[in-house]
There are 2 protein chains.
Amino acid sequence: MTLTERRAQLLSLIIGEYVDTAMPVGSDAIVRRFDLPFSSATIRNEMARLEDEGYITHPHTSAGRVPADKGYRYYVEALMQERDLPSEVKQTIRHQFHQAGREEDEWVHLSAAVLARAVENAAVVTLPRTPESHLKRLELVGIQDGAALLVIVLQQARVKQQVLIFPEPMDQDQLTAIANHLNAAFRGHTADEIRGSQAQLTQMEWHVANAIREIMSASDRGGYDEAYLEGVRNVLQKPEFGTSDKMLNLLEVLEQRNLTKLIPFREISADGVTVMIGAENEEDAMHDYSVVISPYGVPGGISGAMAVVGPTRMRYSQTISTVRFIAGLMSEMLATYYDEGARE
Amino acid sequence: MTLTERRAQLLSLIIGEYVDTAMPVGSDAIVRRFDLPFSSATIRNEMARLEDEGYITHPHTSAGRVPADKGYRYYVEALMQERDLPSEVKQTIRHQFHQAGREEDEWVHLSAAVLARAVENAAVVTLPRTPESHLKRLELVGIQDGAALLVIVLQQARVKQQVLIFPEPMDQDQLTAIANHLNAAFRGHTADEIRGSQAQLTQMEWHVANAIREIMSASDRGGYDEAYLEGVRNVLQKPEFGTSDKMLNLLEVLEQRNLTKLIPFREISADGVTVMIGAENEEDAMHDYSVVISPYGVPGGISGAMAVVGPTRMRYSQTISTVRFIAGLMSEMLATYYDEGARE
DNA sequence: GTTAGCACTCGTGACTGGAGAGTGCTAATT
DNA sequence: AATTAGCACTCTCCAGTCACGAGTGCTAAC
């Protein structure tokens with residue numbers, strides 16, 4: 001299934017040209033553009049073969065060739081050389097990154113924006129999650145007679161909060177007592193463990209413990225649910241969207257925030273960047289798009305995923321390098337703050 | 001500057017028809033559609049007068065009439081009757097609302113989505129903010145030798161968090177001691193007050209207090225900065241976007257999350273819904289859109305703003321009612337959890 | 001294996017003419 | 001004085017036609 005040297009070269013040129021111009025590339029054009037030592041007729045023959053084998057196609061008889069999914073796939077697999085990002089680009093990205101804010105949400109959001117800008121496509125970054133959360137500390141702060149704010153800290157610096165309504169008025173001392181007791185009882189425990197020993201609590205404590213358990217389970221289940229999407233406009237600006245209904249189709253898919261369903265995070269190979277091209281995507285609506293995905297974080301520990309979404313006509317090499325680089329940065333940041341030693 | 005009864009009626013019909021169909025409305029069409037007791041010629045005369053006075057326009061000679069900004073303005077001001085939402089609609093909205101989640105962010109986000117769906121346009125809802133935040137409680141949780149998670153609770157159940165790096169290793173006891181001391185010293189204080197008495201602290205305490213002060217100031221300054229935007233697709237689907245560059249223009253404006261600059265939140269009259277029509281918007285890019293804005297929350301206390309953005313061709317009456325209703329719901333929710341009594 | 005040559009195919013853009021919708025004006029009607 | 005019928009006029013929209021150019025695929029010669 002491997003191509004002759006010359007055909008591979010040609011495929012590479014076609015892809016390069018098409019990615020740049022978004023226009024079908026003709027035999028003549030390519031010969032002139034690259035000063036090939038063959039005539040356009042030869043190229044036509046070669047193109048015909050490439051087409052037979054499914055690497056490129058024809059929008060219609062008298063148009064040039066356009067890479068097919070299989071062509072891109074071959075390119076990504078065998079032809080493309082992934083080169084390191086130029087160091088000034090890296091520098092720029094690092095710089096944008098270090099403006100990251102205080103809160104986790106904020107810098108995940110920022111990373112999506114940075115990635116989207118760098119690759120000129122849409123980017124999705126999920127919040128990182130931990131395999132199973134352990135309670136680290138909880139706090140109850142009264143805000144009204146029958147209501148208190150429950151703040152819980154999970155390991156690896158995740159903070160969750162919820163307003164809790166009590167069936168009867170509680171003062172701050174009572175709340176503090178409950179918090180102290182629960183802190184002592186449940187420190188380091190998982191949701192399941194809490195469920196196990198919940199029975200021995202007073203009614204009020206039980207009420208609080210229940211809320212904690214629910215929040216923790218939701219967080220464990222939740223995982224990739226929440227993700228930031230940025231740069232939709234980058235994609236929509238591309239020339240393939242001459243007609244506006246295509247834009248709407250894509251928007252329809254992307255705007256339902258349920259990105260996780262859309263983008264095959266489960267395909268992520270633990271160790272690097274994965275590329276899904278066109279029809280390789282499960283979702284029908286994504287058949288004209290490619291997705292470049294990478295996990296980030298500490299393997300086996302806190303981790304998340306990030307992806308770039310764009311038309312199949314995409315600068316794969318550059319995109320892959322960028323995703324790899326930014327995923328690396330994110331991993332570093334996570335490791336710095338929340339490394340395994342901090343699990344306690 | 002007031003119109004004759006008949007002309008006002010006519011304007012109303014034209015707007016109604018145009019809002020429904022998105023097509024210029026002709027004299028003949030309107031006579032037949034509504035069985036008017038006049039001939040189309042009479043209507044034409046009246047239309048000509050309305051046009052002279054700037055209430056409607058002409059895309060070109062032989063097209064029907066289209067309402068102008070001034071026409072919409074007159075309609076909103078004088079013609080439109082704002083009727084209460086049908087109770088089943090209210091019910092649906094209430095229902096969607098009560099699925100709101102645990103965290104403040106989450107239900108602000110949800111409200112934007114609900115609003116966008118209800119009015120079939122884009123919706124922006126800012127996070128609510130308080131006039132000046134008071135510290136309620138702080139917590140330090142060690143996560144690594146030289147790092148701790150600082151969690152602070154402000155009044156009205158706002159929780160902020162940040163990872164803090166210490167110049168030297170600290171154990172949990174030291175952290176707890178610092179937290180206790182600062183809790184005692186600063187409870188109920190504002191950022192400025194903290195700055196005032198910061199001098200008397202130990203070095204480590206000072207470090208922590210500084211971080212707190214910064215977070216609080218940022219929160220006080222921040223305010224409307226953060227907002228949720230939903231339903232862009234609703235707008236883009238409208239027939240006025242036959243051509244895709246108009247879509248991109250709008251997206252360009254909306255996607256820069258800096259919604260606050262875009263939408264004149266400062267125009268909000270404290271007590272109700274404000275409408276900005278077409279060129280009344282400051283931003284040039286918004287000259288073809290209308291914005292319906294309302295504050296929500298507790299006047300003088302915690303509050304935010306919400307807005308609907310859509311083409312000037314908009315169901316003003318329904319939109320205004322919906323915004324009013326949802327703003328009311330949000331206010332209720334805020335009041336329930338965080339009313340003045342909870343200020344402590 | 002490569003190339004020149006050529007007929008053929010399609011999409012694109014410019015131009016045309018007719019149909020339809022709507023206007024604005026004038027003169028007649030109420 | 002207000003309303004209406006009538007009509008010429010304007011402009012968009014659409015379908016059809018045409019020529020052009022880019023590109024292909026095939027054949028025959030190198």
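Values below: every heavy atom of this structure, side chains too, minus hydrogens, waters and symmetry copies. Letters go in sequence order (proteins before strands), and every chain restarts at 1.
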Q.
Is the phosphate of D/dT3 approached by B/Ser39 (side-chain N or O, under 4.0 Å from OP1 or OP2)?
A.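 The answer is no; no side-chain N or O of B/Ser39 sits under 4.0 Å from OP1 or OP2.
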Q: Would you please confirm or rule out a distance under 4.0 Å between OP1 or OP2 of C/dT23 and any side-chain N or O of B/Ser27?
A: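 True: B/Ser27 side-chain N/O within range (under 4.0 Å) of C/dT23 OP1/OP2.
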Length of the [atom1]-[atom2] vector between [X] and [N], whole Å:
X       : N      : atom1 : atom2 : answer
B/Ile14 : C/dT23 : CD1   : P     : 9 Å
B/Leu36 : D/dA2  : CG    : P     : 19 Å
A/Met47 : D/dG23 : CE    : C1'   : 10 Å
A/Arg32 : D/dG23 : CZ    : P     : 8 Å
A/His60 : D/dG23 : NE2   : C1'   : 8 Å
A/Arg44 : D/dG23 : CZ    : P     : 11 Å
A/Arg49 : D/dT24 : CZ    : P     : 17 Å
A/His58 : C/dG11 : NE2   : P     : 11 Å

Q: Determine whether more than 12 heavy atoms belonging to other residues, nucleotides or ligands lie under 6.0 Å from atom CD of B/Glu120.
A: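 Counting other residues, nucleotides and ligands, CD of B/Glu120 stays at 12 neighbours or fewer.
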Choosing from [options], which nucleotide comes nearest the side chain of [X]?
X       : options                : value
B/Phe38 : D/dG23, C/dA4, D/dT3   : D/dT3
B/Ala41 : C/dT23, D/dG25, D/dT4  : D/dT4
A/Thr61 : C/dT9, C/dT3, C/dG24   : C/dT9
A/Ser62 : D/dC11, D/dG23, D/dG25 : D/dG23

Q. Starting at the 5' end of DNA chain D and moving along, which residue's nearest nucleotide shows up first, B/Glu46 or A/Ala29?
A.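 It is B/Glu46, whose closest nucleotide lies nearer the 5' terminus.
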Q. Toward the 5' end of DNA chain D, which comes first, A/Arg65 or B/Pro37, by nearest nucleotide?
A.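 Result: B/Pro37.
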Q | Side-chain ion pair, A/Arg44 and A/Asp28, N-O less than 4.0 Å | A |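 A/Asp28 and A/Arg44: not salt-bridged.
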Q: Drop me the distance from B/Ile93's CD1 to B/Thr322's OG1, to the nearest 0.5 angstrom.
A: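 These two atoms lie 5.5 Å from each other.
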Q) When rounded to the nearest 0.5 angstrom, what distance separates CZ in B/Phe34 from CG in B/Leu10? A)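 With rounding to 0.5 Å, CZ (B/Phe34) is 10.0 Å from CG (B/Leu10).
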Q. Is there a side-chain contact between B/Tyr55 and B/Arg7 (heavy atoms, below 4.5 Å)?
A.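 SC-SC contact between B/Tyr55 and B/Arg7 ruled out.
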